[in-house]
Every structure is written in structure tokens, then in C-alpha cells.
Amino acid sequence: MDITLVEETPFRFRIERQVPMRVPGVVFATRELLPQAAGDKALEQVVNVATLPGIVRASYAMPDVHWGYGFPIGGVAATDMDAGGVISPGGVGFDISCGVRLLAAGIDRGPLAPRMRRLMDILGDTVPRGLGPGGLWKLSGRSQLGELMVSGAAYAVEHGRGVPRDLERCEDRGTLPGADPSQVGQRAVDRGLRQVGSLGSANHFLEVQAVDRVYDEPTATAFGLHTGQVCVMIHCGSRGLGHQVCSDHVHAMDQSLRSFGIELPDRQLACAPAVSTPGSAYLGAMAAAANYGRANRQLLTEAARHAFTVVAGAGLDLVYDVSHNMAKIETHDVDGVRRRLCVHRKGATRALPPGHPDLPDDLAEVGQPVLVPGTMGTASYVMAGVVGNAAFWSAAHGAGRVWSRHQALRRVRGEQLHEELESHGIAVRPKSWRALAEEAPDAYKDVDAVAVATEGAGLARLVARLVPLGVVKG
DNA sequence: ATGTTC
């Protein structure tokens, strides 16, 4: 497919609407960050998404955009719930509610340095990770899992896994409303029962980091961050449960497409009107899986707190927890009219501006923390939501792949990468050499460039840069 | 992303 990009600003490109697109495509990126790898069909996917029934304004891509299942990763699309707008599982992603949580430690990097090895050893021994079963919390059965899926991180806190303040710093206070566990199939339940409190594999990690640089002192202070401070960043999702929910509902929606008269350029965009039986079934299951992912991050937080208490007598305060694979029902102005939209963010972080009523009181003046993890061995960024965000309050979610996993395996050896990271002073506790090689820093875009482009595009602003001290990988 | 191909 031949796609013409019109450069509107150094940080914004436009794909003009042409049949069968319903809206234009808008790509927030620099020329250097545009998908260029051979075979990367991300821009074609931006165009495909623009054909979806009920889509409003534009099909958006964030600076870390790359090829995904149906929708690009780094894609944002909003559909009008009350005008036949669709919900598509491919617009959320297989890892429903995959997201990031940042914790601020009560210790700086200097005092922690002599105890770093022991800290990493304890984290390496206590954080369940890798493929397959194994989690910190053994659930009694479907009924307990059902309660967890209804309440999310709040369920974990109510059961002693965390403190009430944690919930104040979780998106939606840790509970996405509307969860319907009855729409989560038996296979998903069976997989989920054995994985609550586990990191998973691939790009998921638990990292010990230090604040390397502060760009905005007052906002960093409001977030509880200062230069030299140690942090913990947790990146994980809803494991096999979310994956199974996505598979099951993609299949169901593929079957129901004809009954709604929906024609798609790619079957991976399988969808249904958000207001329909299959649409609400998926939304209920998605919310259940989202809450599972949030409870998962809450449990891993407790493992990190245990290690920090034992080794350093230091606490970990939650800065923020935000999902970057979600569809949410939100009200936005579209051409001057308030509309109820289904906002798909797939590999895109919600970024509420200052003054938004959904922010906790103590963050109302500075905006939502926007967490942008880098890849292994590189920096991560803390940004903040801004007024004027043109993509339904959305921003980048990470570095974004440029090599496929297969390409990475051909070019990188896990053992060698491990040695390189350790020689740079980064302690690594991997589960498998293969997973390590797949996540090589060279397989990703430059996260520093992604953060700069995110700010340049007016999606969020820089607050702090974090560098890795130690990483626990699946 | 993923009991790494129903």
C-alpha cells in the first residue's frame, strides 16, 4: 500500500482521508521515529483503523508506533458509542490492561549502592516470572477470582496487599467499573487462577531505577520524586487470562461481523458495535481482565516492598499506576458536541491534563503522571499530561520495537547482552537467555527521542528521567 | 503479549 504522509509540523504527520477511510490518520512522530523497518505495516494499520464504523476525528499514532495485531501498537482510536461506534479487541491488545506502575523509594542511590546486590538477589528469588503458571497469590477458585476481577487493585488492598493510599494513585482508584466475570471463559479463568502476582515474559520487567534528571522541579516534587532517588518501575499485564479473553472475543466478533453488516480491510480488526450483545460482552470481560492486571501489579508491589524493607528498611510510595492497553468509555468534545466515546488506547498511555476531575486532589494542578518505560538498559521517563492534547488525552507508552523478536534472536546472544549490561553497572536477574536477547536495547527505538517527540507533539511534558540500576526480567 | 502454532 502506498501511503502519503503530509508533514504538518516536525512532530505531526497527516494521512489524508481517502475511501474507505472515514477519518484522516494523524501520526505524532519525528521523521526519524516513523516506522521504517522493512515489513513494518504500522502506517497501513493506521489507515485500516480509520475505516472503522463510528470512528471520530482521526486514527492516531503515538511516537513509539509499530506494527501490531490489527491495530498498530501506539495507536489511539475513539468511536462514538451512540452512533454505532465499534469496540475492537485488537484495539486494546492481547495483554489487556498491560501497564506501568512507578514507586518512589525512601532511599537514594548512594546509600543503596552497597546493598544493591542483595536487593537484586531477593527480588530475583521472590518475583515470579517467565511463561506459564506461578504467582504470589494462590486463589481458592472461580468465585474468589471473580471478586478480584470486579474490584482489581482495590480487592488486593482490601485483603492486606497494600495500603489505602496506593489506590489514590491508581487510575480509576484501581477498579475499572463494569467488569462482568461471567463473560470471562473457563479457559481464561483456569489460566488466571495460577498467575496472580507474576511478571510474565517478553518486555515485562521489574526495574530498580534512580532519578537521573529532573526537568520540572515543582511537578517532580508533587509526584514525590527528586534527583538521586531510587524508584521501582513495574511493567506487566493480565497474563494468560487477558490473552485468553482477547482470543475468545476476537473469535466471537469475527463470527458476528456479518450480522452487523461490518466490512473490514483486515480480519484482525474484528469488532462489534460497543452497544450490542457481543460489544458489551467484550467490554465486561475486558474490564474484568483489566482489574486482574491491576491486582497483579499491586501484588508485585508487595514483593518489592518486602525486599526494600529487608535490605534497606526503606518504604515504597506509589507515584502512579496506569494501563496502556485499554478501551475506556469517556466523554469528549467532538466538533463542539459532548459525545460518549469508546477510546481505544493500544500501547498508548492515558494522559489527563491539569484540572481534570478524575485526578487525585494532590495532582490536580500538575496533571497525570505519564509513565514511559524504556527498554532494558536504557532510560525511562516520567512525563505529565497537558492541556491541549490532541489525541483524546493520550501519549506514548514506551520505546517501541523496531526489530521483530525473530530478528533480535538472530542478532543478539542473551549471555553476551547480560555481560554487557552488568559491565555498565546494571544488575540483571533474567529468567531465560532467549527472552533477554529478544529484549535487546537495539531492538527498540530510542526512548529519549520518543520522549522528546511526545513533548514536541504536545501530548505530554517532561518531568523526570530515570536510569536503570537493576532489572528483573521474565 | 502468550501453557512462544487450534
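Lettering of chains follows the sequences in order, A, B, ..., and the numbering in each one begins at 1.
- Contact annotation for A/Gly237: no contact, since no heavy-atom pair falls under 4.0 Å across all strands.
- Proximity note for A/Ser201 (side chain, C-beta onward) versus B/dT2, B/dT4, B/dA1: the nearest is B/dT2.
- Atom OH of A/Tyr69 is separated from atom C1' of B/dT5 by 14 Å (rounded to the nearest Å).
- Rounded to a whole Å, the CG atom of A/Asn296 is 13 Å from the C1' atom of B/dA1.
- Taken to the nearest 0.5 Å, the OG atom of A/Ser380 stands 10.0 Å off from the NE2 atom of A/His235.
- With sequence neighbours excluded, the residues forming a side chain to side chain donor-acceptor pair (under 3.5 Å) with A/His397 are A/Asp64, listed by chain and number.
- In this structure, A/Arg101 forms no cation-pi arrangement with A/Tyr320, as its terminal cationic atom is not both closer than 6.0 Å to the ring centre and no more than 45° off the ring axis.
- When the side-chain nitrogen and oxygen atoms of A/Arg405 are compared with OP1 and OP2 of B/dT4, none of them lie within a distance under 4.0 Å.
- Nucleic acid contact class of A/Gln195 (heavy atoms, under 4.0 Å, all strands): sugar-phosphate only.
- In the set B/dT4, B/dA1, B/dC6, the nucleotide with an atom closest to the side chain of A/Arg187 is B/dC6.
- Here A/Asn325 does not reach the OP1 or OP2 of B/dA1: none of its side-chain N or O atoms lies under 4.0 Å away.
- Partners of A/Trp403 according to the side chain to side chain contact (heavy atoms under 4.5 Å, CB included) rule, which considers only residues two or more places apart in sequence or in another chain, are A/Gln407, A/Ala408, A/Arg411, A/Val412, A/Asp442, A/Ala443.
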